[in-house]
Amino acid sequence: MPPISPQETPTAPRVQPTRVGPLEPLKLPVFRMLWSTWLIANVCMWMNDVAAAWMMTSLTTSPIWVALVQSASTLPVFLLGLPSGALADILDRRRWLVATQFWLAGTAIVLCVAVVMDVMNAPLLLALTFANGIGLAMRWPVFSAIVPELVPRTHLPAALGLNGIAMNASRIIGPLLAGTLIASAGTVWVFGLNAVMCVASGFVVLRWRREHTPNPLGREKLISAMRVGVQFVRQSQRMRAVLTRVALFFLHSTALLALLPLLARNLRGGGAGTFTLLLAAMGSGAIVAVLFLPRLRQAMVRDQLVLRGTMLQSGATAVMAVAPNAWVAVPAMFLGGMAWITVANSLSVSAQLALPDWVRARGMSMYQMAIMGASAFGAALWGQVAELTSLYISLGIAAVTGTLCMLAALRFVTDGTGEEDDTSPAQQGWAAGPPKSAPGEEGRVVITVEYLIDPARAAAFLIVMHQTRRARLSQGAIGWELLHDITDPSRYVEEIVDESWTEHLRRFHRATAADMALRERRLTFHQGETLPVVTRYIVHR
């Protein structure tokens with residue numbers, strides 16, 4: 001097949017009908033190709049997770065060791081998500097995605113060798129599962145950042161819903177393939193097929209002719225890029241609210257997945273087939289829910305979807321705690337899958353819409369870190385509770401506290417009601433941009449902006465300047481203060497500190513339409529005959 005060129009991909013949001021069908025993004029060739037790759041990648045992930053979890057049950061019967069498989073798989077995303085997201089924003093995203101696929105293939109090959117040589121034990125299995133998790137940590141942020149490049153903004157919820165379908169179709173296909181191979185040929189064949197599929201998907205991505213445009217200011221330094229990413233999320237009220245909600249949801253919902261292998265064994269007639277069936281039921285529920293998400297989003301606001309999805313997930317967990325057989329467990333897992341995708345998709349869309357492209361991979365890496373960190377901690381927590389009490393008590397506590405914690409988060413951690421900020425790149429530069437030539441000296445840059453404000457409007461001006469502080473720090477400034485002249489009540493001086501002249505210039509490249517709108521609001525308060533006076537200084541060390 002001929003390679004797909006970037007010209008087939010929309011590069012900017014276009015006016016689209018308000019009603020977007022759940023399968024509409026698949027009409028775009030590049031999205032269709034990468035979506036297929038995402039499906040294969042997730043099939044591989046589930047095959048590996050199922051094979052590792054089931055192998056652990058044959059190596060030990062301890063609930064904590066079984067639950068730690070989930071922790072070992074998710075913890076790398078928590079530990080390495082931010083550096084990976086920063087690299088995905090700095091480097092060529094296509095090449096980075098290919099590299100992650102080959103890393104995962106290498107890990108699968110090592111697992112094969114360990115099984116064939118009969119040296120596998122519980123600690124080694126956890127170590128190799130951790131190594132596989134490193135590949136997932138590298139892959140997820142870059143794919144999340146790529147999706148908004150492929151579809152118009154109006155198609156983004158549907159595109160993320162399709163990603164959910166890929167994830168949950170793989171939840172069916174992966175366990176079925178893994179279960180069939182484990183029963184007929186042995187676990188080693190699961191890891192072998194995983195390696196082949198990872199290599200194949202890597203070569204598929206190589207067909208995508210994405211043009212990587214280097215930043216005219218050069219690559220950001222990794223540490224600086226990570227700092228700016230953290231600053232952006234820290235200053236974004238919407239992102240903080242999303243991260244809180246998603247962390248609480250996965251902290252409690254992971255109890256069911258972490259303890260599912262033991263639950264499957266304890267069901268009447270339970271075994272590897274039962275475990276696969278329960279995972280398939282959960283995946284089927286998620287796929288069905290995705291098809292109804294457009295209607296649900298029209299009927300309910302995001303927080304309603306999140307709360308009701310959390311309550312449904314808690315109900316499914318409670319039923320699984322007392323389910324005597326698969327006839328009861330399968331419907332509960334089906335509803336749990338519906339709840340899972342409803343909450344995850346609602347929060348993922350909110351995160352994507354809150355992030356401009358220049359920081360998207362870093363922001364989504366922190367979103368995934370919240371998921372995986374909560375999942376890793378939750379798996380260890382609920383496994384330990386089960387060790388001290390029982391599986392059923394552990395699941396019951398997780399079900400009750402999950403809903404209560406989400407209610408508290410929705411009540412006390414608000415995201416600021418109102419319209420979404422326009423995070424598209426600014427269509428025009430700042431009216432008073434920086435000088436074209438760089439200064440001959442190196443050091444921190446201090447910028448002052450002088451405003452003349454009617455004292456009667458000072459209170460409203462301070463509100464706008466509070467928002468300005470968040471905007472400046474979100475763009476990468478390392479310091480901000482607002483000074484008030486005690487001898488002239490109308491004179492205010494904004495002071496901004498940048499790490500270097502290059503980082504000062506980067507802030508102008510990061511400007512969004514929302515930043516330009518905020519600038520216009522500031523200028524409506526200024527009473528001078530000219531624009532506010534801007535002065536720049538280099539700090540001598």
Side-chain angles (χ1 to χ4, degrees), residues 12-13 153 215-217 228-229 231-239 353-360 363 415-436 444-485 488-537:
R153 185 181 177 92
N215 192 305
L217 299 174
V228 174
Q231 275 188 206
F232 183 93
V233 170
R234 186 177 180 184
Q235 298 301 325
S236 172
Q237 190 175 1
R238 194 173 300 277
M239 279 299 295
L353 294 179
L355 293 166
D357 186 66
W358 66 267
V359 75
R360 191 178 304 280
D415 62 354
T417 57
E419 297 182 359
E420 299 276 357
D421 290 336
D422 186 352
T423 58
S424 59
Q427 296 301 310
Q428 61 182 22
W430 303 96
K436 300 301 181 184
R444 290 187 174 184
V445 179
V446 177
I447 309 96
T448 61
V449 186
E450 300 183 30
Y451 302 92
L452 296 176
I453 307 299
D454 181 356
R457 303 182 65 196
F461 174 72
L462 291 177
I463 292 175
V464 172
M465 294 308 291
H466 179 70
Q467 297 170 347
T468 298
R469 174 185 179 275
R470 290 187 178 279
R472 306 289 201 202
L473 295 176
S474 295
Q475 294 165 351
I478 61 175
W480 187 96
E481 287 184 314
L482 182 63
L483 311 177
H484 189 195
D485 191 335
D488 183 358
S490 66
R491 184 170 178 265
Y492 288 82
V493 178
E494 179 188 10
E495 183 180 278
I496 313 154
V497 182
D498 286 317
E499 190 174 38
S500 66
W501 183 255
T502 301
E503 292 304 311
H504 175 55
L505 295 180
R506 289 193 197 280
R507 286 203 295 109
F508 291 86
H509 284 263
R510 294 164 178 164
T512 65
D515 294 323
M516 297 301 292
L518 181 59
R519 177 179 182 272
E520 294 303 318
R521 290 176 59 194
R522 287 196 301 273
L523 292 180
T524 60
F525 290 93
H526 180 62
Q527 292 185 315
E529 296 180 359
T530 61
L531 290 172
V533 176
V534 179
T535 309
R536 294 174 175 86
Y537 305 88

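Everything numeric here is computed off the predicted structure, so don't read it as measured data. Counting from 1, the numbers follow the sequence of the chain as shown.
Summarising the local packing, CD of Glu481 is surrounded by 12 or fewer heavy atoms from other residues, nucleotides or ligands at distances under 6.0 Å.
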Gln237 and Arg470: side chain to side chain contact (heavy atoms under 4.5 Å, CB included), yes or no, with the steps? CA-CA 10 Å; Gln237 190 175 1; Arg470 290 187 178 279; 5.5 Å; no
Where do Arg469 and Gln235 land on the side chain to side chain contact (heavy atoms under 4.5 Å, CB included) test, with the steps shown first? CA-CA 9 Å; Arg469 174 185 179 275; Gln235 298 301 325; 3.7 Å; yes
Checking Ile478 against Arg444 for the side chain to side chain contact (heavy atoms under 4.5 Å, CB included) test, could you report, in this order, the C-alpha distance in whole Å, the side-chain angles of both residues, the deciding distance, and whether it holds? CA-CA 10 Å; Ile478 61 175; Arg444 290 187 174 184; 3.5 Å; yes
Val446 and Glu495: CA distance, side-chain angles, deciding distance, side chain to side chain contact (heavy atoms under 4.5 Å, CB included) verdict: CA-CA 7 Å; Val446 177; Glu495 183 180 278; 3.8 Å; yes
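Taking every heavy atom of both residues into account, Pro489 and His484 meet most closely at O-NE2, 2.8 Å. Counting all heavy atoms, side chain and backbone alike, Ile453 lies closest to Phe525 at CD1-O, 3.3 Å. Considering every non-hydrogen atom in both Ala477 and Ile496, the closest pair reads CB-CG2, 3.7 Å. Nearest heavy-atom pair across Ala354 and Pro356 is O-CD, 3.8 Å. In plain terms, the two heavy atoms of Asp515 and Ala471 that are nearest each other are OD1-CB, 3.9 Å.
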List the atom pairs, donor and acceptor, that lie under 3.5 Å between side-chain atoms in residues 456-467 and the rest of the protein, sequence neighbours left out.
residue: Arg457; atom: NH1; partner: Thr524; partner atom: O; Å: 3.3
residue: Gln467; atom: OE1; partner: Arg521; partner atom: NH1; Å: 2.9
residue: Gln467; atom: OE1; partner: Arg521; partner atom: NH2; Å: 3.4

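In this view, Arg234 satisfies the side-chain contact (heavy atoms from CB on, under 4.5 Å) rule with no residue, not counting sequence neighbours. Listed by chain and residue number, Met239, Leu243, Met366 satisfy the side-chain contact (heavy atoms from CB on, under 4.5 Å) test with Val233 (two or more places apart in sequence, or in another chain). For Ser474, the side-chain hydrogen bond (donor to acceptor under 3.5 Å, both in side chains) criterion is met by no residue, not counting sequence neighbours. Applying the side-chain contact (heavy atoms from CB on, under 4.5 Å) rule to Thr535 yields the partners Thr448, Val533, Tyr537; only residues at least two apart in sequence or on another chain are considered. Asp485 meets the salt bridge (Lys or Arg N to Asp or Glu O under 4.0 Å) test with Arg491; sequence neighbours excluded.
If you take NE2 on His509 and CH2 on Trp358, they are separated by 13.0 Å, rounding to the nearest 0.5 Å. Annotation: the span from Tyr492 atom OH to Leu482 atom CG amounts to 7.5 Å, rounded to 0.5 Å.
Among Leu523, Thr512, Thr468, the single residue meeting the side-chain contact (heavy atoms from CB on, under 4.5 Å) criterion with Leu518 is Thr468. The side-chain contact (heavy atoms from CB on, under 4.5 Å) test with Arg510 is passed by exactly one of Val228, Leu505, Asp357: Val228. Each of His504, Arg536, Gln475 was checked for a side-chain hydrogen bond (donor to acceptor under 3.5 Å, both in side chains) with Asp498, and the lone residue meeting it is His504.
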